[in-house]
Amino acid sequence: MSPLDSDIAHLLAGSMVLLSFLLLYQDRMFALLNVFALHAYALACSVAWQAYLQRAPHLFITALIALLFKGVIIPLALRRIVVRLGIHRSIETVVSVGPTMLFGIALVGLSIVVMLPVTQAEGPFVREDLAFALSVLLLGFLMMVTRRNAVSQVIGFMSLENGLVLAASGARGMPLVVEISVGFSVLIAFIVIGIFLFRIRERFDTVDLQALDMSRGEAL
Amino acid sequence: MSYSDWLIQLAQTALVLGVAPLLSGVTRKIRARLLRRQGASVLQPYHDLLKLIRKEAVVAENASWLFRAAPYLIFATTWVAAALVPTFASGLPLGAVADIIVIVALLGTARFLLALAGLDVGTSFGGLGSSREMLFASLAEPAMLMAVFTLSLFAGSTQLSSISAYMLGPGAGINISLALALVALIIVSIGENARIPVDNPATHLELTMVHEAMILEYSGRHLAVLEAAAAVKLLLYLSLIACVFTPWGTAVAGAGVLAYAVGLLAWAMKLALLAFLLVLFETAIAKMRVFRVPEFLGIALMLGLLGTILLFVSRVSR
Amino acid sequence: MSQLAASGVGLLLALSVLGIFAARRTPGTRLIYAACAAVCAGLAGVALLRLLAPAGGLESVEIPIGLPLGRTFLGLDPLSAAFALIVNLAAAIVSGYAIGYGVHAREPQRVVPFYPAFIAGMNLVLLAQDAFSFLVGWELMSLASWALVLSEHRSPENRHAALVYLIMASGGALTLLLAFGLLAGPEGGYSFEAIRRVSASGVGPIVLLLALLGAGSKAGLVPLHAWLPLAHPAAPSHVSALMSGVMTKVAVYGFVRLVFDLAGPPAWWWSVPVLVIAAVTALLGVLYALMEHDLKRLLAYHTVENIGIIFIGLGLALAFEASGLRAAAALAFAAAIFHVFNHSLFKSLLFMGSGAVLNATGERDMERLGGLIKAMPATAVAFLVGCIAISALPPFNGFVSEWLTFQAILLSPQLPQWVPRLLVPAVGATLACSAALAAACFVKAFGMTFLGRPRTQAASSAAETDRCSQIAMLSLALLCLLAGILPGFVIDSLGAVTQMAVGARLAPQSGQAWLRIVPIDIHRSAYSGLLVFVMILLAAAATAFAVRRVASHALRRSAAWDCGFPDASPATQYTAGSFAQPIRRVFGSVVFRAREQLTMPRPGDTAVARLQVELRDTVWDALYTPIIRFVAATAERLNRMQFLTIRNYLTLVFAALVALLIIVGTWR
Amino acid sequence: MGQLALTALLCTPALGAVLLAAIPRYRLAAALNVTLCALTLSCAAALYRHRPQPSLYLLVDDLNTVFLFVGALVGFSTSVFSAGYIAHELQTRRLKARDLRFYHAMYQLLMFAMNLALVSNNIGLMWVAIELATLTTVMMVGIYRTNAALEAAWKYFILGSVGIALALFGTILVYLAAQEHLGQGMVAMAWDRLAVSSASFDPSLLNLAFVFLLLGYGTKVGLVPVHAWLPDAHAEGPTPISAVLSGLLLNVALFALLRFKLIIAGNPHVLAPGPMMVTMGFTSLLFAGFMLYRRRDIKRMFAYSSIEHMGIITLAFGLGGPLASFAGLLHMTMHSLTKSAIFFGVGYISQLEGTQRTADIRGLTHSQPLLGWLLVLGVVAIAGLPPFGIFTSEFLLVTSTFARSPWLAILLVAGLLIAFSALALRLQGLAFGDTERRHLLPAWRLAPMTLHLLLVAAAGVYLPAPVVAWFRHVAGQLG
C-alpha cells in the first residue's frame with residue numbers, strides 16, 4: 001500500500017468525521033438531510049476506496065448500498081415524511097449546538113485516546129481509521145441523544161451505523177460486511193417505516209397514537 | 001451429718017414458727033410505747049391467730065380453689081424459707097441443700113401466689129394490691145439479690161452458713177460494700193414486710209394499702225395462716241440480717257448444748273435490737289406515696305449494685 | 001444412630017407430602033399429627049441415647065444428595081444431640097396436643113402439610129454436619145413456619161407478620177451464609193469437619209458478629225426481635241408453641257455451633273457484645289411483655305426475655321473460656337443449655353394453654369377473658385405451673401437454670417479483664433430485674449386470664465379443652481416439675497455437650513445426697529430441688545392438717561367484701577392494663593415513651609371519662625423505620641427510571657459507553 | 001449422528017417457521033408447534049452425546065450444549081403452555097386467527113435464531129443470529145397492537161438496534177485484533193481459534209472491544225443501565241413470549257457475552273473483563289431490587305426480577321473462579337426454568353383474573369389453589385430459598401465471594417435481601433388475602449409449570465453426578 005493510498009483513505013474517513021460535525025451543527029431539517037446525503041456519499045467513497053485497496057470486490061456492493069440507499073432513498077423518504085407529517089422544519093435540541101459541538105470534540109479526542117495504545121504493528125492506517133470510525137459512531141450517538149426530533153434521531157442512528165460500516169470496511173478481509181450492511185439497511189428501513197406508520201412527529205418516544213405516557217403500563 | 005443436727009434443724013424450724021408471732025407482738029408493743037401508748041400485750045398476736053382460726057371462714061362466691069389453697073402454700077414456702085436461715089445455730093443440714101438465692105426465690109414463690117390470690121376474687125382492691133406488690137417486688141427482689149451477691153462474693157459462697165462463718169473469721173472487716181449491702185437489705189426488708197414508709201399494715205385506707213389489699217377477701221382460718229406467714233417473713237428477714245451482719249454467738253452445728261443456749265440467747269437479743277431499730281425508723285418517718293416507693297426501692301437496688309461492683313473491682317473472689 | 005435420625009427427617013418430609021392429601025378429613029389430620037408425635041418421640045429417644053452414650057467420635061452418615069460440589073453429612077454429635085432431644089421432646093408433646101387441637105383449624109390444608117416440614121427443617125439444622133444442609137434446614141424451617149403463620153391468611157395483621165418474618169428470616173439466613181462463606185474459605189470446604197480442620201485465624205470476630213446477626217435475628221435478640229412478637233402469635237397455637245418454644249432454640253443452636261464450635265478459640269472481648277445485647281434483650285423483652293394485653297403476644301415477647309437469659313449464659317461461657325477458666329465456662333454453658341431445655345418446656349406449655357383458651361373463648365385479648373380457672377381446671381393447673389416455672393420460682397425448672405446462671409455470674413471476679421468484671425454485675429442486676437418483672441408479667445397473664453370474674457360472655461361460656469390437649473399440657477407441666485426437682489440428671493446428661501463446647505464438664509451430680517446439685521463446691525453453693533419441694537409439700541400438708549384439727553370447719557360463701565363496696569359488674573375488676581400501669585409509669589416512660597392522656601369530665605358531667613395510653617416501640621422507630629423509609633424513598637426515586645423517554649434511555653446507554661471508554665482510555 | 005442432529009436442530013425450526021406460516025388452523029398449528037419444539041429438544045439432547053466436528057461456522061462444545069438443552073427445554077414447555085394460553089386469547093378475541101400464523105412462524109424463527117446463535121462458531125454469524133432473534137421478538141411483543149404493546153415494541157426495537165450496532169463494533173474490533181495473527185477472512189472470526197490464540201492479540205483493541213460487546217450484548221441481557229426495553233417488552237407481549245424472553249433470549253445474549261469474555265480473558269494483558277461485569281451485574285441486581293417495590297403490573301414485576309437475576313449471573317461470571325462460575329452456570333439454568341415457570345403461572349393468572357394489575361389480584365391460593373401454590377413455589381424458588389436450585393447457586397456464589405472479596409459479598413447480600421423483600425411483599429399480596437373468587441383451570445395446563453418447578457427442586461436437592469461433572473468442566477473453561 002503506497003502512502004498515497006492510505007492518505008486518500010485517511011482523507012475520506014476524516015471527511016466523514018467532519019461531516020458528522022456538520023450534522024451536529026445543522027438546525028434546519030432539509031439542510032440536515034442534505035448533509036446526511038453527503039455523509040453517505042463520503043462513506044460510499046471510502047468503502048469503494050477500501051474495496052479497491054483490498055482487492056475486495058464485494059465491498060463495492062456495500063458502497064453501492066450506501067450510495068443508493070442512504071444517499072438517495074432514505075433522504076428522499078425522510079423528506080417526504082417531514083412534509084407529510086408536518087414536522088417542524090427547525091430542529092429542537094436538548095443541549096444547544098455550541099456545547100454539543102464542544103462535547104463532540106471531546107468525543108473525538110476520546111476516540112483518539114482509546115485508540116492510541118493499539119499496537120503499531122497494525123499500522124497507522126488501521127489505527128487512525130478506527131479512531132475516525134469510532135468518532136463517527138460516537139458523534140452519531142451524540143446526535144441521537146441531543147436531538148428531540150424523530151427525523152434527526154434517525155439520522156443520528158444512520159450516521160452511527162455509517163461509522164460501523166466504515167470500521168468494517170477498514171478491517172481488512174473482514175467477511176460478512178455486505179451482509180451486515182444489508183442487515184442494517186433493513187433495520188433502518190424498519191425504523192423509517194415505523195416512524196411513518198406510527199406517525200411519530202417529533203420524537204421517537206411519542207409514538208403518536210395517543211398520549212403514550214399514560215399507556216406505559218404503569219401510569220404514575 | 002448426724003441425727004442431732006437434724007433434731008436441731010427441726011427445732012429451729014419449729015422455733016421460727018413459734019417465735020414469729022411473738023416478734024410481731026414485740027414490734028407492735030415497742031411501736032406503741034414509742035408513740036406513748038400502752039399497747040397490747042406482746043402475746044396479742046397469738047390470741048389473734050387463735051381467734052381467727054376458730055372463726056368461720058367467709059369466702060367470696062366466685063373464689064376458686066386457688067383462693068383457698070394459696071394461704072397454705074404461701075405459708076409453707078415462707079416457712080421453708082425461714083427454716084433455711086440460721087437462727088441460733090448455723091451449719092445445719094438444710095443449709096447444704098439450699099442457699100440464700102433459694103431463700104429469695106422461695107419468698108418470690110410466696111409472693112407470686114399471694115398476688116394471684118389477690119386477683120382471684122375479681123375485685124378492684126385485690127387487683128390494686130397485686131399490681132403494686134409486683135411493682136415493688138420487681139425492684140425489691142433484684143435489690144435483695146444484689147445485696148446477696150455482695151455477701152456471696154465477699155464470702156465466696158452463697159451458703160448462709162459459710163457466709164456467717166466467714167464473717168466471724170479474720171477475712172472479714174469493715175468494708176464499704178458490706179455497708180451498702182446492709183443498707184440495701186434493710187430497705188428491702190422494710191419494703192417486703194409491708195412496713196412504713198412503703199406500706200402500713202395497720203391501715204385499710206384504700207389508696208395506701210398494698211399487702212392488706214391482697215388479703216382483703218380473706219377471713220377466718222385462711223387469714224390466720226396468711227397473718228402467720230407475714231409474721232414468719234418478718235422474722236426471716238431479721239434473722240437473715242442478724243445471721244450475716246452480727247454472726248457473734250451463733251452456735252455451729254454439733255456444738256454442745258451450752259453453745260446452743262448461748263446462740264439462742266444471742267439470737268433473741270439480736271432480734272429484739274433489730275425490731276427496736278425497725279420500729280424506731282418506722283415511727284420516725286411518714287408513709288410514702290405509692291410512686292415514691294419505686295424510687296426508694298430503686299435506691300436499694302443501686303446500692304446493692306454499687307456494692308457488688310465495688311467488690312468485683314476491689315478484689316478477686318475465692 | 002445418625003442413620004436413624006436422618007431417616008426420621010425423611011419420614012417427616014414424607015408426612016408433609018401425605019399431609020397435603022390427609023388434611024381434607026379430620027381423621028387424616030389427626031393421623032398426621034399422631035405420626036409426627038411418634039416420629040419426634042423416636043428422634044428424641046435417639047438423641048437421648050446418643051447423649052448418654054459413652055463419649056465417642058461423631059458418626060455421621062453421608063447423604064448422596066445436597067450440594068453439588070460438596071458432600072452432605074448428617075450426624076449427631078453431643079451438641080446436636082442435646083438440642084435434638086430438646087426440640088423433639090417438645091415437638092412430640094406439641095404434636096400430641098395438636099391431635100386434639102389441630103382439627104379446629106379453619107383450613108387444615110394450610111397447616112397440616114407444613115407442620116411436619118417445619119419439624120423436619122429444625123431437625124435437619126441440628127443433624128447437619130455441613131454448611132449447606134445446615135442452611136437448607138434453616139431455610140426450610142423458616143419457610144414452613146412462614147406458611148404456617150400465613151395459615152390464617154385472611155387477616156391483614158397476619159400477612160404483615162408473615163412478611164416481616166419472612167424478610168427477617170431471610171436476612172438472617174443470608175448473614176449466616178456469609179459466616180459460612182468466611183469459615184469455608186475460598187476453596188469451599190463446607191463440611192464442619194473441614195472448617196474445624198482449617199480454622200482460619202482472624203475470622204472469629206466477624207463470624208461472631210454474623211452469628212449474632214443471623215442466629216440472633218432468628219432467636220429474637222434485641223433489636224432484631226421485631227418479627228417475633230408478630231409472627232409467633234399469628235400462627236395456630238400449636239405452631240406458636242413450636243416457634244417460640246423450639247425454633248428459637250434451633251437459633252441458639254446455630255449460634256453455639258458457629259461461635260463455640262466452628263469459629264475457633266474465642267477472645268475475651270467477644271463476650272462483651274454478647275453480654276450487653278443479652279442483658280438488653282432480657283430486660284426489654286420482659287418490659288414489652290408486661291405492656292402487652294394479647295396473651296399470645298405477651299408470651300412471644302417473653303420468649304425474647306428468655307433468649308436474653310440464655311445468651312447471658314453463653315456470653316459468660318465465652319468470657320470464661322477465653323480466660324481459660326474451663327470449669328466456670330462449663331457452668332455458664334450448662335446453665336444456658338439447661339435454660340434452653342427449660343424454656344422449650346414451659347413456653348410450649350404456655351402457648352398450648354393459650355391455644356386452649358383461644359379455642360374455648362375465641363379471644364386472645366386478656367382484657368376480655370377472666371375466671372377460666374373454673375371452666376378449664378386442667379388447663380389452668382398446667383398454665384399455672386408454666387407461669388411459676390417461667391418466673392424462675394422454685395421448685396420448678398426455670399429457677400434451676402437461673403440459679404446456675406447466678407452461680408456463674410458469681411464466679412466472674414476470677415476474670416482477669418476489667419471490662420467483663422465491671423459488666424457482669426450489671427448483667428446480673430439486669431437478670432435479677434428481669435426475673436422479678438417476669439413474675440409480675442405472669443401474675444398478670446395468669447391472673448387476668450384465669451382468675452377473677454369473666455369479663456365477657458365468651459369467657460363465661462368457655463368449656464374445658466379436649467383430652468389430648470390436656471394430657472399434652474399436663475405432661476409438660478410434669479416435666480417442668482421433674483426437671484426442677486431432679487436437675488442433677490439434666491446437668492449430667494449435658495456433660496458431653498459442655499465438654500464439646502468449652503472443653504470441660506461439671507462434676508457429676510448423680511452421687512450427691514438429696515439429689516442436690518453442687519456446681520462447684522459444697523461449701524460454695526448447693527441446691528436440692530427435691531428436698532425443697534418435699535419440704536414445701538410437708539409444710540403445707542402439716543399446716544393444713546393442723547388447721548383442720550384446730551380450726552372451725554365452717555365455710556360460708558358470700559358476696560365479695562371488697563372493702564364494703566362490692567360491684568356486680570366484672571368491669572370494675574383490675575384489668576391487664578391497670579395491672580401493668582404502675583410498672584408502665586416506672587419503666588415505660590423511658591423505654592416506650594409512654595404517654596397517658598386522661599380526659600376526665602367535670603363533676604356532674606355525664607360524659608365518659610377516657611384514659612388513652614400511647615406506647616411507642618422505640619426499637620422499631622429507631623432502627624426499622626429509617627430502613628423502611630430509606631428503601632421506600634430510594635424505590636420511589638429510582639422508579640422514575642420506569643417512565644423515561646426512549647431518548648433518555650439512549651442517553652443512559654451513551655453515558656455508560658462514554659464512561660467505559662474513559663475508563664479504558666485512562667487505564668494503563 | 002452429531003452432524004445430523006446439528007442440522008436437524010437448525011432445520012427443524014427453520015422449516016417449521018415456513019410451514020407454520022402456511023397453516024391457518026389453530027389446533028393443528030399449536031400441535032405442530034409443540035411437535036417441532038419436541039424435535040428440537042431431542043436434537044439438543046442428542047448433541048450432548050454426539051458432538052459433530054467443529055467447522056468454521058458451527059461448533060458444539062460443552063458450553064453451548066448447556067445453553068442449547070436448557071433453551072430447547074424451555075422452548076418446548078413454553079410451546080405446550082402457549083397452546084393453552086393462546087387458545088384462551090383466541091376465545092377472548094385478543095388475537096385473531098391471522099395473527100396466529102404469524103405468531104407460530106415467529107416462534108419457530110426465534111427458536112431457529114437462538115439455536116443458530118448458540119451453535120455458531122463464527123462471531124459474525126452469532127451476531128446475525130442474535131439480531132434475528134431480536135427482530136422476531138420485537139414482532140411478537142407488538143402482536144397485540146395495543147398502544148402499550150406498540151410502545152414497548154418500539155422501545156425494544158430502538159434500544160435493541162443501538163445495542164446491535166455497539167455489539168457489531170465490538171465484533172469488528174475483535175476481528176481486527178485477530179486478523180493480525182490468524183490471517184484475514186473467516187478464520188479470524190471462528191471462536192474456537194480466537195479463544196485459543198487470544199493471548200497474542202493486541203490487548204488495547206480487546207479492551208475496547210469488550211466495552212462495546214458488554215454494552216451491546218448487555219442490552220440484550222438486560223443489564224442496567226441498558227435494560228430499559230426489558231420490563232415493557234415482557235409486560236406487553238403475549239406471556240409465552242415473556243417466558244421465552246426471560247428463559248431463553250437473555251441467556252443467549254449472556255452466552256454471547258461469555259464467549260467474548262473467554263476470548264478476552266485469554267489475554268493476560270487486558271483490562272480484566274471481570275470487574276466490569278461485576279459492576280454491571282451488581283448495579284443490575286440493586287437497581288432491579290429497588291424497582292421491584294413500586295411495580296403494579298405483575299408481568300413487569302417479574303421482568304425486573306429477570307434483570308435482577310441476570311445481574312447476579314453476570315456478577316458470578318465476572319467474578320470467575322470454579323465455584324462462582326459453577327454457581328453462575330447453575331443459576332442461569334435454574335433461572336431459565338424458574339422464571340419461565342413463573343411466567344406460565346402469571347399468564348394463566350392474568351387470564352383468569354382478567355388483569356395484570358397486582359393490586360387487583362389476591363388470594364390466589366384460595367381462588368385456584370394449585371395455581372396459587374405453584375406460584376408461591378415459583379417465587380420461593382426465584383427468591384433463592386431451598387429446596388430449589390437457585391438457593392444452591394446463591395449459596396455457592398455468596399460463600400465463595402465472601403472469602404475473596406468480603407465487601408462485594410456484603411453488598412451482594414444486601415441487594416439480594418432488598419429484592420427478596422420486594423418479591424415477598426408482592427407474593428403475599430398475590431397469593432394470600434381475602435377473596436371469594438374461584439377459578440377453574442384444567443390441571444394439565446399447569447403441567448409445564450409443574451415440570452419446571454419439579455426440575456428446579458430436584459436440582460436443588462440432587463444434581464446428578466454427570467451433570468455436576470459437566471458443569472464443572474464448563475465452569476473450568478469459563479475460568
Side-chain angles (χ1 to χ4, degrees), chain C residues 64-69 109-110 131-132 135-137 139-140 142-143 147 150 153-154 156 159 162-163 166-167 170-171 173-175 177-182 184-188 190 206 631-632 634-639 641-642 644 646 648-650 652-653 655-657 660-661 663-664 667, chain D residues 154-155 158-159 162-163 166 207-208 211-212 214-215 219 225-226 228-229 231 271 276 287 290-291 293-294 321 323 326 330 363 365 380 383 385-387 391-392 394-396 398-404 406 409-410 413 416-418 420-421 424-425 428 432-434 461-463 468 471-472:
Chain C
I65 56 177
L67 188 67
L69 290 181
Q109 67 273 22
R110 285 180 187 271
F132 182 74
L135 280 169
V136 168
E139 291 279 34
L140 184 63
S142 305
L143 209 52
L150 269 174
H153 66 114
R154 280 159 208 275
R159 291 204 300 278
L163 181 66
L166 185 62
I167 291 172
S170 178
L174 283 172
T175 43
L177 199 58
L178 289 179
F180 281 120
L182 193 60
E187 272 71 52
Y190 293 113
I206 306 173
V631 172
T634 316
E636 181 66 53
R637 206 163 295 162
L638 285 178
N639 196 37
M641 301 275 285
Q642 173 64 29
L644 298 182
I646 296 177
N648 293 138
Y649 289 129
L650 284 174
L652 274 178
V653 180
L657 178 64
L660 283 178
L661 282 179
I663 291 171
V664 168
W667 181 77
Chain D
W154 182 244
K155 190 196 274 184
I158 297 295
L159 288 171
V162 171
L166 297 182
N207 280 344
L208 206 56
V211 166
F212 281 91
L214 182 63
L215 287 178
T219 309
V226 289
W229 63 274
L271 175 61
M276 278 194 254
F287 176 79
F290 278 115
M291 291 300 274
Y293 283 90
R294 304 271 307 172
L323 278 183
F326 186 96
L330 186 62
T365 48
V380 159
L385 295 176
F391 174 74
T392 316
E394 284 183 3
F395 175 88
L396 287 173
V398 172
T399 49
S400 65
T401 310
F402 198 51
R404 292 161 61 190
I410 290 169
V413 162
L416 285 176
L417 190 59
I418 286 168
F420 177 87
S421 309
L425 175 72
Q428 288 205 158
F432 302 97
D434 210 0
V461 176
Y462 174 66
L463 216 52
V468 176
F471 274 26
R472 270 183 106 142

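Remember, predicted model here, so these are calculated numbers, not experimental data. Numbered from 1 within each chain, the chains take letters A, B, ... in sequence-line order.
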**Student:** Find the distance between CG (C:L177) and CG (D:L416) and round it off to the nearest 0.5 Å.
**Tutor:**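 C:L177 atom CG to D:L416 atom CG measures 9.0 Å (nearest 0.5 Å).
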
**Student:** Considering non-hydrogen atoms only, spot the tightest contact between D:T392 and C:P68 and give its length.
**Tutor:**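 Heavy atoms only, the tightest pair is CG2-CD, 3.3 Å.
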
**Student:** For chain D, which of C:A184, C:S142, C:A635 has the most heavy-atom pairs under 4.5 Å?
**Tutor:**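 Looking at each option in turn, the highest pair count goes to C:A635.
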
**Student:** With only heavy atoms counted, which part of D:T365 is less than 4.5 Å from chain C, the side chain, the backbone, both or neither?
**Tutor:**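 When you check distances to chain C, atoms from both the backbone and side chain of D:T365 fall under 4.5 Å.
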
**Student:** Would you sort out whether D:F212 and C:L661 count as a side chain to side chain contact (heavy atoms under 4.5 Å, CB included), showing the intermediate values?
**Tutor:** CA-CA 9 Å; D:F212 281 91; C:L661 282 179; 4.0 Å; yes

**Student:** For C:L143, is it the side chain, the backbone, both or neither that has a heavy atom under 4.5 Å from a heavy atom of chain D?
**Tutor:**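 Side chain only.
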
**Student:** Side chains of C:L638 and D:Y293, heavy atoms from C-beta outward: is any pair under 4.5 Å?
**Tutor:**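 Not in contact.
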
**Student:** Measure the acute angle between the ring planes of C:H153 and D:F432, then classify it against the limits of 30° and 60° as parallel, tilted or perpendicular.
**Tutor:**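 Perpendicular: the ring planes of C:H153 and D:F432 meet at over 60°.
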
**Student:** Using non-hydrogen atoms only, which part of C:A162 is less than 4.5 Å away from chain D: side chain, backbone, both, or neither?
**Tutor:**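 Backbone plus side chain of C:A162, per the 4.5 Å heavy-atom cut-off to chain D.
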
**Student:** Check each atom of D:L215 against the heavy atoms of chain C and say whether the ones under 4.5 Å are side chain, backbone, both or neither.
**Tutor:**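 Just the side chain, heavy atoms under 4.5 Å.
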
**Student:** What verdict does the side chain to side chain contact (heavy atoms under 4.5 Å, CB included) test give for D:L396 and C:L67, after you've listed the backbone C-alpha separation in whole Å, the side-chain angles of each residue and the deciding distance to 0.1 Å?
**Tutor:** CA-CA 9 Å; D:L396 287 173; C:L67 188 67; 4.0 Å; yes

**Student:** Between C:A656 and chain D, which part of the residue has a heavy atom less than 4.5 Å away: side chain, backbone, both or neither?
**Tutor:**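 Contact with chain D is through both the backbone and side chain of C:A656.
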
**Student:** Working to the nearest 0.5 angstrom, can you tell me the gap between D:T399 OG1 and C:L178 CG?
**Tutor:**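 D:T399 atom OG1 to C:L178 atom CG measures 9.0 Å (nearest 0.5 Å).
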
**Student:** Please work out whether the ring planes of D:F395 and C:Y190 are parallel, tilted or perpendicular, with thresholds of 30° and 60°.
**Tutor:**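 The rings of D:F395 and C:Y190 sit tilted, inter-plane angle from 30° to 60°.
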
**Student:** What I'd like to find out is whether the side chain of D:L417 reaches to under 4.5 Å of the side chain of C:S170, using heavy atoms alone.
**Tutor:**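 Yes; the side chains approach each other to less than 4.5 Å.
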
**Student:** Against chain C, label D:P225 side chain, backbone, both or neither, depending on which of its atoms sit under 4.5 Å from a heavy atom there.
**Tutor:**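 Contact with chain C: backbone and side chain both.
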
**Student:** Spell out, as yes or no, whether a donor-acceptor pair under 3.5 Å connects the side chain of C:E139 to the backbone of D:L385.
**Tutor:**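 Side chain of C:E139 to backbone of D:L385, a donor-acceptor pair under 3.5 Å: no, none is there.
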
**Student:** Hey, does D:F420 have a side-chain heavy atom less than 4.5 Å from the side chain of C:L166?
**Tutor:**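 Side chain of C:L166 against side chain of D:F420, heavy atoms only: contact under 4.5 Å found.
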
**Student:** Please determine whether the number of non-hydrogen atoms from other residues, nucleotides or ligands lying under 6.0 Å from atom CZ of D:R472 exceeds 12.
**Tutor:**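 Atom CZ in D:R472 is not crowded, with 12 or fewer foreign heavy atoms closer than 6.0 Å.
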
**Student:** How long is the span from the CG atom in D:D434 to the CZ atom in C:R159, to the nearest 0.5 Å?
**Tutor:**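 D:D434 atom CG to C:R159 atom CZ measures 7.5 Å (nearest 0.5 Å).
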
**Student:** How about D:L166 and C:V653: do any of their side-chain heavy atoms sit closer than 4.5 Å?
**Tutor:**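 They are in contact (side-chain heavy atoms under 4.5 Å apart), so the answer is yes.
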
**Student:** Pick whichever of D:F290, D:F471, D:F287, D:W229 has the most heavy-atom pairs under 4.5 Å with chain C.
**Tutor:**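 Highest number of pairs under 4.5 Å: D:F290.
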
**Student:** Calculate, to the nearest 0.5 Å, the distance between atoms CD1 and CD belonging to C:I167 and D:Q428 respectively.
**Tutor:**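 CD of D:Q428 is found 8.0 Å from CD1 of C:I167.
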
**Student:** Name the region of C:A632, side chain, backbone, both or neither, that has any atom closer than 4.5 Å to a heavy atom of chain D.
**Tutor:**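 Neither part; nothing is under 4.5 Å.
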
**Student:** Find the distance between CH2 (D:W154) and CD1 (C:I646) and round it off to the nearest 0.5 Å.
**Tutor:**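 Reported value, rounded in 0.5 Å steps: 7.5 Å.
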
**Student:** Does the side chain of C:L657 come within less than 4.5 Å of D:V211's, by heavy atoms?
**Tutor:**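 Result yes, sub-4.5 Å side-chain heavy-atom pair found.
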
**Student:** Can you say whether D:V162 sits under 4.5 Å from chain C via the side chain, the backbone, both, or neither, judging by heavy atoms?
**Tutor:**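 Contact with chain C: side chain only.
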
**Student:** Who wins among C:T175, C:V631, C:L652 for the most heavy-atom pairs under 4.5 Å with chain D?
**Tutor:**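 Greatest number of close heavy-atom pairs with chain D: C:V631.
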
**Student:** Using heavy-atom distances under 4.5 Å, tell me whether D:V461 contacts chain C through its side chain, its backbone, both, or neither.
**Tutor:**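 Contact with chain C: backbone and side chain both.
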
**Student:** Any side-chain heavy-atom pair from D:V398 and C:F180 closer than 4.5 angstrom?
**Tutor:**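 Sidechains of C:F180 and D:V398: no contact.
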
**Student:** In Å and rounded to the nearest 0.5 Å, what is the CD1 to OG1 distance from D:I418 to C:T634?
**Tutor:**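 One finds 7.5 Å between CD1 of D:I418 and OG1 of C:T634.
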
**Student:** Against chain D, label C:R110 side chain, backbone, both or neither, depending on which of its atoms sit under 4.5 Å from a heavy atom there.
**Tutor:**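 Contact with chain D: side chain only.
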
**Student:** Under a 4.5 Å heavy-atom cutoff, which of C:L660, C:L140, C:L135 has the most pairs with chain D?
**Tutor:**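 Heavy-atom pair counts peak at C:L660.
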
